[in-house]
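What you see is a predicted model; the values in this text were computed from it and never measured. Proteins come first, then strands; the chains are lettered A, B, ... in the order of their sequence lines, and each starts at number 1.
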2 protein chains.
Amino acid sequence: MFKAAKQTRIFQDVVEQIQETILAGKLMPGEMLPSERELKAMLQVSRGTLREALRVLEQKGLIEIKLGVGGGAVVQDISYDRVNESLALLIRYQKVSLQHLTEFRVGVEGRVSALAAERATPADVIHLKALLEQARQFAGKGSDFQKEFVEVDKQIHLSLAEITGNPVYLSLHHTVHDNIDQYYETFLFMKQREMEENFTDLGNIIDAVERKHADEARLLAEAHVLRFNHYMENREL
Amino acid sequence: MFKAAKQTRIFQDVVEQIQETILAGKLMPGEMLPSERELKAMLQVSRGTLREALRVLEQKGLIEIKLGVGGGAVVQDISYDRVNESLALLIRYQKVSLQHLTEFRVGVEGRVSALAAERATPADVIHLKALLEQARQFAGKGSDFQKEFVEVDKQIHLSLAEITGNPVYLSLHHTVHDNIDQYYETFLFMKQREMEENFTDLGNIIDAVERKHADEARLLAEAHVLRFNHYMENREL
DNA sequence: GATTTGTAATGGTTAAACCATTTGTTGTAA
DNA sequence: TTACAACAAATGGTTTAACCATTACAAATC
């Protein structure tokens with residue numbers, strides 16, 4: 001019900017004050033905090049305490065420290081890095097397996113494709129088809145271009161997430177891929193035939209999106225991610 | 001391609017050394033690190049530098065500090081808290097709307113229910129039915145028990161997430177609700193009829209899970225969350 | 001035996017000084 | 001005038017030493 005009321009620590013109060021200032025928009029990304037020596041005077045704390053607070057804010061991804069004259073704490077534009085790092089820790093601790101992540105990805109990509117099918121504008125479809133054309137060319141050039149092909153595949157999924165208009169799906173896309181890609185890069189070597197299968201998948205998904213068949217897009221996307229993952233699992237043996 | 005090679009900072013080296021020790025399993029959750037004064041001697045750094053490193057490790061969720069005699073840094077069992085906090089920060093910073101979150105929740109609950117339908121054991125079904133019985137009683141007692149009813153509703157969704165066996169869904173459940181509940185608590189006041197509708201929804205979902213009809217469970221869960229959200233949106237006006 | 005008191009270990013905080021890095025300026029030579 | 005070198009100042013990084021606040025445990029007391 002309640003959380004620990006451990007608020008005797010001064011640096012935590014400093015963290016909160018600065019964090020709230022940033023989150024309230026009073027300090028925008030790119031702006032700088034006063035120097036440590038100024039801040040310590042403003043907050044009436046010692047430099048050591050202030051620096052402990054700065055370390056916490058830095059780890060949270062809210063600020064970044066620059067050295068030298070004119071240096072100091074710069075407010076950061078928030079990114080997925082912190083989420084990714086903590087998720088990577090979970091994975092390394094083996095609380096979350098690659099299988100769990102990919103299973104989750106199947107669900108997300110299915111849902112994203114269904115929503116995209118409902119919402120795609122003609123311009124969106126044109127963009128998707130342009131990406132598909134790139135994928136077709138890489139798929140035709142053979143296994144040497146598997147890296148480029150996978151990149152375009154990722155671009156297509158990213159575009160679908162954008163079409164949903166829901167930033168939650170964009171965030172998840174980045175988080176999932178940042179933690180999955182390293183495994184793919186290690187284990188995934190697609191054969192010519194597998195690349196063509198994947199290309200066919202993508203074409204079918206985009207076709208379903210264009211025809212606004214949400215349920216069909218969902219099923220195709222789920223099967224596509226499952227197949228993609230299947231390649232990797234076989235390599236892993 | 002490359003990451004910043006900013007490795008002049010001593011406390012970062014300290015963070016890495018301790019983090020690797022923990023992640024390598026040489027320090028298990030519950031075990032304690034040496035005291036600050038011992039550590040500073042072992043690592044040949046000043047106490048201030050060491051404490052900055054400890055703040056980073058603390059923020060990462062790897063350790064927790066206890067006060068007094070026998071106090072010090074205790075290695076933590078890793079949890080989803082760090083992921084949730086950083087995701088919550090992302091949500092707050094980007095000002096992700098409630099609509100975006102609930103739309104995402106529709107997809108997740110649908111997928112979770114479908115997976116649960118595929119994987120639920122007889123024991124799982126018995127547990128779900130017990131929760132459903134609780135929900136039935138609260139729904140029958142009228143609007144005074146809407147808070148308790150919503151709590152059981154949440155418990156049922158949590159149980160479904162557990163049945164999937166995928167910790168990613170468990171983590172998301174907590175993250176989403178940590179960020180959504182405050183809105184519900186402000187705006188949601190269900191009438192008798194609405195509680196009964198929700199109860200019927202839950203019964204139908206659990207029924208579909210028991211009959212292992214994944215697709216039906218998915219559609220029912222999606223509709224259920226949408227309806228739930230609809231109540232709130234109407235209140236919000 | 002129960003309770004109070006003392007004590008020592010440990011994290012939390014402060015202060016002052018110095019080092020290392022970076023930027024801008026100033027001076028000097030081509 | 002321009003290019004470059006040297007210097008100066010601001011700022012984060014680090015060290016040291018001291019003291020405060022909290023806590024567990026032991027000793028003393030009732």
Side-chain angles (χ1 to χ4, degrees), chain A residues 2-19 21-22 27-77, chain B residues 2-19 21-22 27 29-76:
Chain A
F2 295 106
K3 292 184 179 179
K6 197 186 206 177
Q7 185 55 319
T8 54
R9 306 206 282 186
I10 296 178
F11 77 82
Q12 285 183 333
D13 186 65
V14 175
V15 167
E16 270 184 38
Q17 282 197 52
I18 298 180
Q19 171 166 329
T21 305
I22 293 175
L27 276 168
M28 300 300 284
E31 287 191 70
M32 301 199 63
L33 270 64
S35 72
E36 291 185 358
R37 287 160 178 92
E38 284 181 67
L39 267 179
K40 118 186 156 145
M42 293 165 66
L43 294 161
Q44 307 259 50
V45 299
S46 74
R47 207 167 151 219
T49 300
L50 172 62
R51 282 178 62 82
E52 290 188 30
L54 291 177
R55 290 293 85 73
V56 173
L57 291 165
E58 190 179 43
Q59 180 59 31
K60 283 190 178 194
L62 291 172
I63 62 172
E64 184 179 282
I65 274 68
K66 291 204 302 183
L67 252 60
V69 177
V74 187
V75 177
Q76 288 293 288
D77 200 356
Chain B
F2 295 107
K3 292 184 180 178
K6 197 185 207 176
Q7 186 55 316
T8 55
R9 307 207 282 186
I10 295 179
F11 77 82
Q12 285 183 335
D13 187 66
V14 175
V15 167
E16 270 184 37
Q17 282 197 51
I18 298 179
Q19 171 166 327
T21 305
I22 293 175
L27 276 169
E31 287 191 70
M32 301 199 64
L33 270 65
S35 74
E36 289 185 0
R37 287 160 178 91
E38 283 181 66
L39 267 178
K40 119 188 156 139
M42 293 165 65
L43 293 161
Q44 307 258 50
V45 298
S46 74
R47 208 170 149 216
T49 300
L50 172 61
R51 281 176 63 82
E52 289 188 31
L54 291 177
R55 290 293 85 73
V56 173
L57 291 166
E58 191 179 42
Q59 181 58 33
K60 283 190 177 194
L62 291 172
I63 61 172
E64 184 179 282
I65 274 68
K66 291 203 303 182
L67 253 60
V69 178
V74 187
V75 177
Q76 288 292 288

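- Across the protein-nucleic acid pair, B:Glu64 atom CD and C:dT10 atom C1' stand 16 Å apart, rounded to whole Å.
- Each of A:Leu39, A:Ile10, A:Asp13 was checked for a side-chain contact (heavy atoms from CB on, under 4.5 Å) with A:Val45, and the lone residue meeting it is A:Ile10.
- The separation between B:Leu43 atom CG and D:dT15 atom P is 11 Å, rounded to whole Å.
- The shortest heavy-atom contact between A:Leu33 and A:Ile18 is CD2-CG2, 3.7 Å.
- Of the candidate nucleotides D:dT16, D:dG12, C:dA8, D:dT16 has the atom nearest to the side chain of B:Arg47.
- The side chain of B:Thr49 places no N or O atom within less than 4.0 Å of a non-bridging phosphate oxygen (OP1 or OP2) of D:dG13.
- Using a 4.5 Å cut-off on side-chain heavy atoms (C-beta onward), A:Val14 and A:Leu57 make no contact.
- The nearest pair of heavy atoms linking A:Pro34 to A:Met42 is CG-SD, 3.9 Å.
- Comparing D:dT23, D:dA9, D:dG12 against the side chain of B:Val69 picks out D:dT23 as the nearest.
- Listed nucleotides D:dT15, C:dT14, D:dG12 differ in distance to A:Ser35; the shortest reach to its side chain belongs to D:dG12.
- Taking all atoms of both residues into account, the shortest heavy-atom contact from B:Arg55 to A:Val56 is CB-CG2, 4.0 Å.
- Nucleotide C:dC19 holds its P atom 14 Å from the CD1 atom of B:Ile10, rounded to whole Å.
- In this structure, the CD atom of B:Glu36 is 19 Å from the P atom of D:dC19, given to the nearest Å.
- Nearest nucleotide to the B:Arg51 side chain, out of C:dA9, C:dG11, C:dT14: C:dG11.
- Contact between the side-chain N/O atoms of B:Arg9 and the OP1/OP2 oxygens of C:dT21 is not found at any separation under 4.0 Å.
- Among D:dG12, C:dT13, D:dA9, the nucleotide with an atom closest to any side-chain atom of A:Phe11 is C:dT13.
- Between C:dG12 and B:Arg55, a contact under 4.0 Å exists linking OP1 or OP2 to a side-chain N or O.
- The separation between A:Met32 atom CE and C:dT22 atom P is 14 Å, rounded to whole Å.
- In this structure, B:Lys40 and B:Arg37 both approach DNA chain D, and ranking their closest nucleotides by distance from the 5' end singles out B:Lys40.
- Mapped onto DNA chain C by nearest heavy atom, A:Val45 and A:Gly68 fall at different nucleotides, with A:Val45 at the one closer to the 5' end.
- Summarising the geometry, the separation between CG on A:Leu54 and P on D:dT14 is reported as 13 Å, rounded to the nearest angstrom.
- Rounded to a whole Å, the NZ atom of A:Lys66 is 17 Å from the C1' atom of D:dG13.
- Distance, B:Glu52 CD to D:dG12 P: 12 Å, rounded to whole Å.
- Closest approach to the A:Leu67 side chain among C:dT14, C:dT21, D:dT14 is made by C:dT21 (side chain taken as heavy atoms from C-beta onward).
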